[in-house]
There are 2 protein chains.
Amino acid sequence: MTPSPTAKSPADAASIFHRPARTRRVDPSLSLERITASTVALLDREGAAALTMRALANELGAHASSIYWYVDRREDLVDLATDFVFGPAAGRTPKGDWEHIIRTTATEMYTALTDHAWAAEFAGQRPLLGPNALTLVSRIIRALDSTGATGKDQAIAGTSISNLVLGAATASAAARHLRLDDGESALTQHVIAAVQQVTEPANPVAAWTAYFDEGLDMLIHGWRTRTGIFT
Amino acid sequence: MTPSPTAKSPADAASIFHRPARTRRVDPSLSLERITASTVALLDREGAAALTMRALANELGAHASSIYWYVDRREDLVDLATDFVFGPAAGRTPKGDWEHIIRTTATEMYTALTDHAWAAEFAGQRPLLGPNALTLVSRIIRALDSTGATGKDQAIAGTSISNLVLGAATASAAARHLRLDDGESALTQHVIAAVQQVTEPANPVAAWTAYFDEGLDMLIHGWRTRTGIFT
DNA sequence: ACCTGAACACCGTTCAAGT
DNA sequence: ACCTGAACACCGTTCAAGT
């Protein structure tokens, strides 16, 4: 295991986005792009637990060991697939005032993570550090910067918004995992009773989704109060 | 198959004094409590990936298959261990006004999840629905209820606070996973540069932790504005 | 350069059998 | 009731060998 010549610390090799790309040949049957697309397809179709090297190889019409010519480990596949789902949002460029840009971008991130629940499932194991994720995060930071807030206040808002997105998506993914979105199940009823939220809403998963916007709202309002920015 | 020294001949069964003792074990060597404690110890010591049935069995001085008499599957161990770390917080009863109760409880949940990073790692796969977790969540809901806010506003605040806790803990766990807390690594530097946060803070992981309180602050301020509650 | 096939050292889980 | 031991059907990853 020889570290790349540019690696300054052992941590550098831990992310595929920071390892040098391999040189390509003319007619390889596999490619990082094909592998990424198949990984996403497999995850979307069968969920996080179904991502095995052998299942992916089968999807690609290749042998499991062939995949290792393109990636170093299974985790790389997760990183590639996760960043892939942020692609469409990263490709768009929202116009408007800073608040609109923040709302739009945060919501797009949240939507990507809930449309592909496996991505939220992996979020505790793999940070969202792919190029598309970084594009979205820095878009939010730039919007915050345009308000004239201090660097510290920008950092506070940026991390809090990012944490809210991640937490909402994570909770939604976990709930789906237990089929908590089945409002009729005894487990769901038990949870509802336990938190004494019997009347409203009837379905906690629906609530988590519905209330993401409201949570973002509260966060932005609180930040305005804190910074005194009411543009 | 060597006969043990206590092996009985057929004649022994003729006398009650020589029949084997009652089958119910007075002192079973395993128990859910022991299994839970060992699971937590193993996870704390070696991390989420180290939790295998065989490793746990080794920790317990038993065979892996024995664990299945107490739990149905490996996921049950994760659920038990995760709820266990909420035990101390659930055992305490914070006194004070609603805001203090909410701050204390949310912070205790966040601390439990970051002190045991594996718990945050699993949060996307297993919802936090153990008795201790539900105790803490309903404590927050009750505090919100005491403000006289509508059921909907309570639900919004409750889910948003819970989402912030979960997201902050998840981001922290994922960052640790990539050793992003090594502020010197090129990966960390690259991320900092990418989000154009070069000056402050120097270390994003430290920031996530430090800014949890501030995020909670913003959320509560925003909720006050929304509901008009300024008690 | 790319890909295969076999092999290694693991997994979670089941189940007949023992006590 | 509780625990063992062996077995099954998998895993991720490595590596010599092929093209």
Side-chain angles (χ1 to χ4, degrees), chain A residues 1-2 13-14 16 19-35 38-39 42-43 46-81 122 125-126 177, chain B residues 1-10 12-13 18-35 38-39 42-43 46-81 122 125-126 177:
Chain A
M1 199 61 64
T2 43
I16 190 172
R19 264 175 261 138
R22 303 210 121 116
T23 50
R24 300 183 56 194
R25 224 174 80 173
V26 225
D27 58 340
S29 80
L30 294 182
S31 67
L32 259 192
E33 290 71 26
R34 263 199 76 207
I35 288 171
S38 288
T39 302
L42 180 59
L43 287 167
E46 304 182 34
L51 177 60
T52 70
M53 302 306 284
R54 285 171 236 256
L56 177 59
N58 187 55
E59 186 104 359
L60 287 162
H63 192 282
S65 55
S66 306
I67 299 167
Y68 286 90
W69 200 84
Y70 293 89
V71 302
D72 281 1
R73 39 190 162 273
R74 198 191 91 116
E75 291 171 316
D76 292 346
L77 297 170
V78 173
D79 290 348
L80 288 166
F122 287 124
Q125 301 162 49
R126 312 294 305 168
H177 224 271
Chain B
M1 209 61 74
T2 51
S4 80
T6 56
K8 292 157 187 67
S9 77
D12 290 331
H18 298 89
R19 261 178 262 142
R22 291 298 302 254
T23 50
R24 181 173 202 104
R25 251 164 239 208
V26 168
D27 184 23
S29 79
L30 295 182
S31 68
L32 258 193
E33 288 71 27
R34 263 198 77 207
I35 288 171
S38 289
T39 303
L42 180 60
L43 286 166
E46 304 183 34
L51 176 60
T52 71
M53 301 307 284
R54 285 169 235 256
L56 178 59
N58 187 57
E59 186 104 359
L60 287 162
H63 193 282
S65 54
S66 306
I67 299 167
Y68 286 91
W69 200 85
Y70 293 88
V71 303
D72 280 1
R73 39 189 162 275
R74 196 190 92 114
E75 291 170 317
D76 292 346
L77 298 170
V78 173
D79 291 347
L80 289 167
F122 287 124
Q125 301 162 51
R126 314 292 307 168
H177 224 269

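Quick note on labels: first sequence line is chain A, next is B, and so on, each numbered from 1.
Rounding to whole angstrom units, CZ of residue B/R74 and C1' of C/dC11 are separated by 10 Å. C/dC15 atom C1' lies 12 Å from atom NE2 of B/H63, rounded to whole Å. In this structure, the CD atom of A/E46 is 14 Å from the P atom of D/dC10, given to the nearest Å. For B/L51 and C/dC10, the CG to P distance is 17 Å, given to the nearest whole Å. Rounded to whole Å, atom P of D/dC3 lies 8 Å from atom CD1 of B/I35. One atom, CD1 of A/I67, and another, P of D/dG12, lie 9 Å apart when rounded to the nearest Å. Protein atom CG of B/D27 is 11 Å distant from nucleotide atom P of D/dC2, rounded to whole Å. Straight-line distance from the CD atom of B/Q125 to the C1' atom of C/dG12: 15 Å, rounded to whole Å.
Nucleotides of DNA chain D nearest to B/R54 and B/L30 differ in position, and the one nearer the 5' end is that of B/L30. Annotation: of the two residues near DNA chain C, A/G61 and B/A64, the 5′-most nearest-nucleotide partner is A/G61.
When distances run from any side-chain atom of A/W69 to the nucleotides D/dC3, C/dA1, D/dT4, the shortest one goes to C/dA1. Checking D/dG12, C/dC3, D/dT4 against the side-chain heavy atoms of A/Y70 singles out C/dC3 as nearest.
Pairing for C/dC10 is absent, with no Watson-Crick or G-U wobble pair whose two atom distances lie under 3.5 Å. Across all strands shown, D/dG5 pairs with C/dC15; the Watson-Crick or G-U wobble distances both stay below 3.5 Å.
Of the possible donor and acceptor atoms, one in the side chain of B/Y70 sits under 3.5 Å from a partner among the backbone N and O of B/L30. Judged purely by atom type and a 3.5 angstrom limit, B/N58 has no side-chain atom pairing as donor or acceptor with the backbone of B/R54. Not one N or O on the side chain of B/S38 forms a donor-acceptor pair closer than 3.5 Å with the backbone of B/I35. In this structure a side-chain-to-backbone donor-acceptor pair under 3.5 Å is present from B/R74 to B/L51.
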Practice task
For side chain to side chain contact (heavy atoms under 4.5 Å, CB included), just list the numbers for B/T39 and B/V78, CA-CA rounded to whole Å, side-chain angles, deciding distance to a tenth of an Å, and then say yes or no.
Solution key: CA-CA 8 Å; B/T39 303; B/V78 173; over 6 Å; no
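Between B/Y68 and the phosphate of D/dT4, there is no side-chain N or O to OP1/OP2 separation shorter than 4.0 Å. Between C/dC3 and A/S29, a contact under 4.0 Å exists linking OP1 or OP2 to a side-chain N or O. In terms of phosphate contacts, B/S65 brings no side-chain nitrogen or oxygen within less than 4.0 Å of OP1 or OP2 of D/dT4.
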